[in-house]
Asker: 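Let me give you the structure first, and then I'll get to my questions.
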Amino acid sequence: MALKVCKFGGTSLASADQFRKVARIALADADRKIVVVSAPGKRDKPDTKVTDLLIAYADAKLAGSGAEAVEQAILERFAGIIEGLGLPGEQFETVKTILISRGEGDRSHRARYIDSIKALGEEFSARLLAAFLQKEGHDFIYVDPKDAGLVLSDEPGNAQVLPESYELIRPLRDSAHRIVFPGFYGYAKNGNLVAFPRGGSDITGAILAAAVEADVYENFTDVDNVFAADPRVVDKPAAIHEMTYSEMRELSYAGFSVLHDEALQPAFNAKIPVHIRNTNNPESKGTLISLERHNDEFPVVGVAGSADFCTIFLSKYLMNREKGFGRRLLQIIEDADLSYEHMPSGIDNISVIIKQSSLTPEVEHRVLERIRSELAPDKLLIQRGIALIMIVGDGMTKQIGIAKRATGALSDNAINLEMINQGASENSIMFGIRNEDMNKAIVSLHNAFFGK
Ligand SMILES: Nc1ncnc2c1ncn2[C@@H]1O[C@H](COP(=O)(O)OP(=O)(O)O)[C@@H](O)[C@H]1O
Ligand SMILES: N[C@@H](CC(=O)OP(=O)(O)O)C(=O)O
């Protein structure tokens, strides 16, 4: 008998009807032993994800006003699900009691308090799905991340799994019952609840799949497959049915929100194939992400983009002969508690690319001052509003002319290139352009490689 871990995203659990679809899928295959769930997501475009409501609730509690209206909105979402699933009224009372008592919890550490509240969306989803499956006569139980041993680093809102989790979680494999498990959070060694970054239920699913050595990690979402570009940007993008871990890692980092980029590593390390599937159309083929792909029809499998980076550019004559220049530059970045995304360089120049959100005016001032005084560059520029576009494909190494095709498509569409960088792994090329050109660039690159 095979063992499958399946994860359902927020859109898959947005309403009682969606919960029923999830239950149907879980029950359709007895191998689906572990079901990981997200908090209810958007029912339609203008709707709000429960996680965002919970964050607003925590913020209002911290601010000391406005919490009642948000509390009402959260309870309404769950009341609709509980009623629609025909669950008893006590379920609603439990949700309400837990929400209110968590809201009254320790607020002395802002980020910890927010994590403790925002994790409730996943906890309630998992408890309600387990209750519904039990009511229908199926042997599913709710398992808490603390009891399972999901131990994370103590970094609120940005936690990472600790290696010992895998051994601790492994026994779930032999559980006598099938399991519903909340995504998105775990516990630090000191007992604090800590959440992964946003979208982190994908990470929980991958960790569980690796820990129990699942045959496949099924990630159910609301699209039939991964597309070669974001379907909200490109009209009818090409469907991609097979990709490698490294291709998906690059693309999810660069903007494919369909799978969290940090979910690839656990699956890759344990060699567990990841199958992206559609909750609303489970018959569709989906996308299989594994070590190798057999379809090498396309040298490029995807084009992704994300906005709002900034570049710190330095040039200095004979930089190449100055020992330790790069190290000292990176030390300044590290001392400012910044992480950098890329660092393209030439003989006499170097650029460091940083997420704009992390570079506040005060940090920027401090960093530029230190660079000026300690590295004495001939030129020092900072440019904001940069979007990074990535074209990715393991087959790129084998084909010549990829960069030419890409730059040709960009120039044909009057998009000015600020920067170009090929990753050391040679399966991606990155283009830096202005934020405002991002969508146009994604469309033109998609059309250049996948036709229209
Ligand atoms: N290249 C892509 N292929 C497929 N979907 C993509 C891509 N890029 C972005 N998306 C978006 O990702 C969404 C699914 O991810 P997400 O909203 O996080 O789902 P979930 O609620 O299942 O976690 C899709 O609805 C789609 O709009
Ligand atoms: N609910 C969390 C975690 C998550 O993974 O959600 P989703 O599966 O809807 O992306 C969030 O919104 O960040």
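This one's a predicted model, so the numbers in the text were calculated from it and none came from an experiment. Read the numbers this way: they start at 1 and go in the same order the structure lists the ligands and their atoms.
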Asker: Checking side-chain polar atoms at under 3.5 Å, does Y217 have a donor or acceptor matched by the opposite partner on N219?
Answerer: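 There is such a pair (donor and acceptor under 3.5 Å, judged by atom type) between the side chains of Y217 and N219.
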Asker: Below 4.0 angstrom from a heavy atom of G10, which ligand 1 atoms are there? Numbered from 1 as shown, please.
Answerer: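 The atoms of ligand 1 under 4.0 Å from a heavy atom of G10 are 20 (P), 21 (O), 23 (O).
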Asker: For K7, counting its heavy atoms only, list the atoms of ligand 1 lying under 4.0 Å from any of them.
Answerer: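 Per the distance check, 23 (O).
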Asker: Can you tell me if G200 contacts ligand 2 (heavy atom of the residue under 4.0 Å from the ligand)?
Answerer: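 Contact check G200 vs ligand 2: positive.
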Asker: Under 3.5 Å, N or O to N or O, is F227 touching ligand 1 that way?
Answerer: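 Indeed, backbone or side chain, F227 has an N or O that close.
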Asker: Does R277 make a cation-pi contact with F220, if we ask for NZ or CZ under 6.0 Å from the ring centre and within 45° of the axis?
Answerer: no
Asker: Nearest protein heavy-atom contact for atom 7 (C) of ligand 1: which residue, which atom, what distance?
Answerer: P231 CD, 3.5 Å
Asker: If you compare all heavy atoms of S125 against all heavy atoms of P40, which two are closest, and at what distance to 0.1 Å?
Answerer: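 That would be OG-CD, 3.1 Å.
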Asker: May I ask you to identify the nearest protein heavy atom to atom 10 (O) of ligand 2, giving residue, atom name and distance to one decimal place in Å?
Answerer: K49 NZ, 3.7 Å
Asker: Hey, does the side chain of Y185 reach the backbone of G157 with a donor-acceptor pair shorter than 3.5 angstrom?
Answerer: no
Asker: Is there a donor-acceptor pair closer than 3.5 Å between any side-chain N or O of T221 and the backbone N or O of G9?
Answerer: no
Asker: N/O of F184 under 3.5 Å from N/O of ligand 2, yes or no?
Answerer: no
Asker: Near G10, which atoms of ligand 2 are under 4.0 Å from a heavy atom of that residue?
Answerer: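 The atoms of ligand 2 under 4.0 Å from a heavy atom of G10 are 7 (P), 8 (O), 9 (O).
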Asker: Where the closest heavy atom to atom 11 (C) of ligand 1 is concerned, which of S257, G302, A39, G305 has it?
Answerer: S257
Asker: Could you tell me if any non-hydrogen atom of N225 lies under 4.0 Å from any atom of ligand 1?
Answerer: yes
Asker: Which atoms form the tightest heavy-atom contact between L85 and R20, and what is the distance?
Answerer: CA-NH2, 3.6 Å
Asker: Mind listing the closest non-hydrogen atom pair of S38 and G10 along with its distance?
Answerer: CB-N, 3.4 Å
Asker: Please name the pair of heavy atoms, one in I386 and one in R434, separated by the smallest distance, quoted to 0.1 Å.
Answerer: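 Closest approach of I386 to R434: CD1-NH1, 3.9 Å.
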Asker: With the threshold set at under 4.0 angstrom, would you say G199 reaches ligand 2 through any of its heavy atoms?
Answerer: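 For ligand 2, residue contact (heavy atoms, under 4.0 Å) with G199 is present.
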Asker: At what distance is the nearest protein heavy atom to atom 11 (C) of ligand 2, and which residue and atom is it?
Answerer: R198 NE, 3.3 Å
Asker: Considering only the protein, which heavy-atom contact is closest to atom 7 (P) of ligand 2, and what is its distance?
Answerer: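 Protein heavy atom with the smallest distance to atom 7 (P) of ligand 2: S38 OG, 3.6 Å.
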Asker: Give me the nearest non-hydrogen protein atom to atom 27 (O) of ligand 1 as residue plus atom name, then the distance to 0.1 Å.
Answerer: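 For atom 27 (O) of ligand 1, the nearest protein heavy atom comes out as R232 NE, 3.3 Å.
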Asker: So which atom in S444 and which in A409 form the shortest heavy-atom distance, rounded to 0.1 Å?
Answerer: O-CB, 3.9 Å
Asker: Can you check whether S12 has an N/O within less than 3.5 Å of an N/O in ligand 1?
Answerer: no
Asker: Looking at V151, is its backbone amide N or carbonyl O close enough to the side chain of S165 to form a donor-acceptor pair, meaning the two atoms are under 3.5 Å apart?
Answerer: yes
Asker: In the structure I gave you, are the side-chain heavy atoms of K49 and L54 within less than 4.5 Å of one another anywhere?
Answerer: no
Asker: Establish, for the pair K21 and F19, whether the NZ or CZ atom is under 6.0 angstrom from the six-membered ring centre and no further than 45 degrees off its axis.
Answerer: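 No, K21 and F19 do not form such a contact.
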Asker: Under a 4.0 angstrom heavy-atom cut-off, which atoms of ligand 1 come close to T221?
Answerer: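 Result: 14 (C), 15 (O), 19 (O), 20 (P), 22 (O).
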Asker: Using the side-chain contact (heavy atoms from CB on, under 4.5 Å) definition, which of the options E242, M248, H241 pairs with V226?
Answerer: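 Exactly one pass, corresponding to M248.
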Asker: Which ligand 1 atoms are under 4.0 Å away from a heavy-atom of D222?
Answerer: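 Within the 4.0 Å cut-off of D222, ligand 1 contributes 13 (C), 14 (C), 24 (C), 25 (O).
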Asker: Could you go through the side chain to side chain contact (heavy atoms under 4.5 Å, CB included) check for R102 and K61 one step at a time?
Answerer: CA-CA 11 Å; R102 211 49 91 78; K61 282 278 187 191; over 6 Å; no
Asker: Contact between ligand 1 and G199 is defined here as a heavy atom of the residue under 4.0 Å from a ligand atom; is it met?
Answerer: no
Asker: List every atom of ligand 2 that sits less than 4.0 Å from any heavy atom of G9, numbering the atoms from 1 in the order shown and giving each element.
Answerer: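 In order of numbering, the contacting atoms are 8 (O).
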Asker: Below 4.0 Å from ligand 2: does a non-hydrogen atom of E122 turn up there or not?
Answerer: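 Judged by the 4.0 Å heavy-atom criterion, E122 does count as contacting ligand 2.
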Asker: May I ask whether atom 17 (O) of ligand 1 is less than 4.0 Å from at least one protein heavy atom?
Answerer: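 Given the 4.0 Å limit, the answer for atom 17 (O) of ligand 1 is no, no protein heavy atom qualifies.
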Asker: Can you list the ligand 2 atoms lying under 4.0 Å from a non-hydrogen atom of K7?
Answerer: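 Going through ligand 2 atom by atom, the ones under 4.0 Å from K7 are 8 (O).
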Asker: Does S201, backbone or side chain, put an N or O under 3.5 Å from an N or O of ligand 2?
Answerer: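 Yes, S201 has an N/O under 3.5 Å of an N/O on ligand 2.
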Asker: Answer side chain, backbone, both or neither: which part of L251 comes under 4.0 Å from ligand 1, heavy atoms only.
Answerer: neither
Asker: Can you tell which part of A229 has a heavy atom less than 4.0 Å from ligand 1: side chain, backbone, both or neither?
Answerer: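 Backbone only.
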Asker: In ligand 1, which numbered atoms sit nearer than 4.0 Å to a non-hydrogen atom of F256?
Answerer: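 Those atoms are 1 (N), 8 (N).
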Asker: Is there side-chain contact between Y187 and N192, with at least one heavy-atom pair below 4.5 Å?
Answerer: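 No - every pair of side-chain heavy atoms lies 4.5 Å or more apart.
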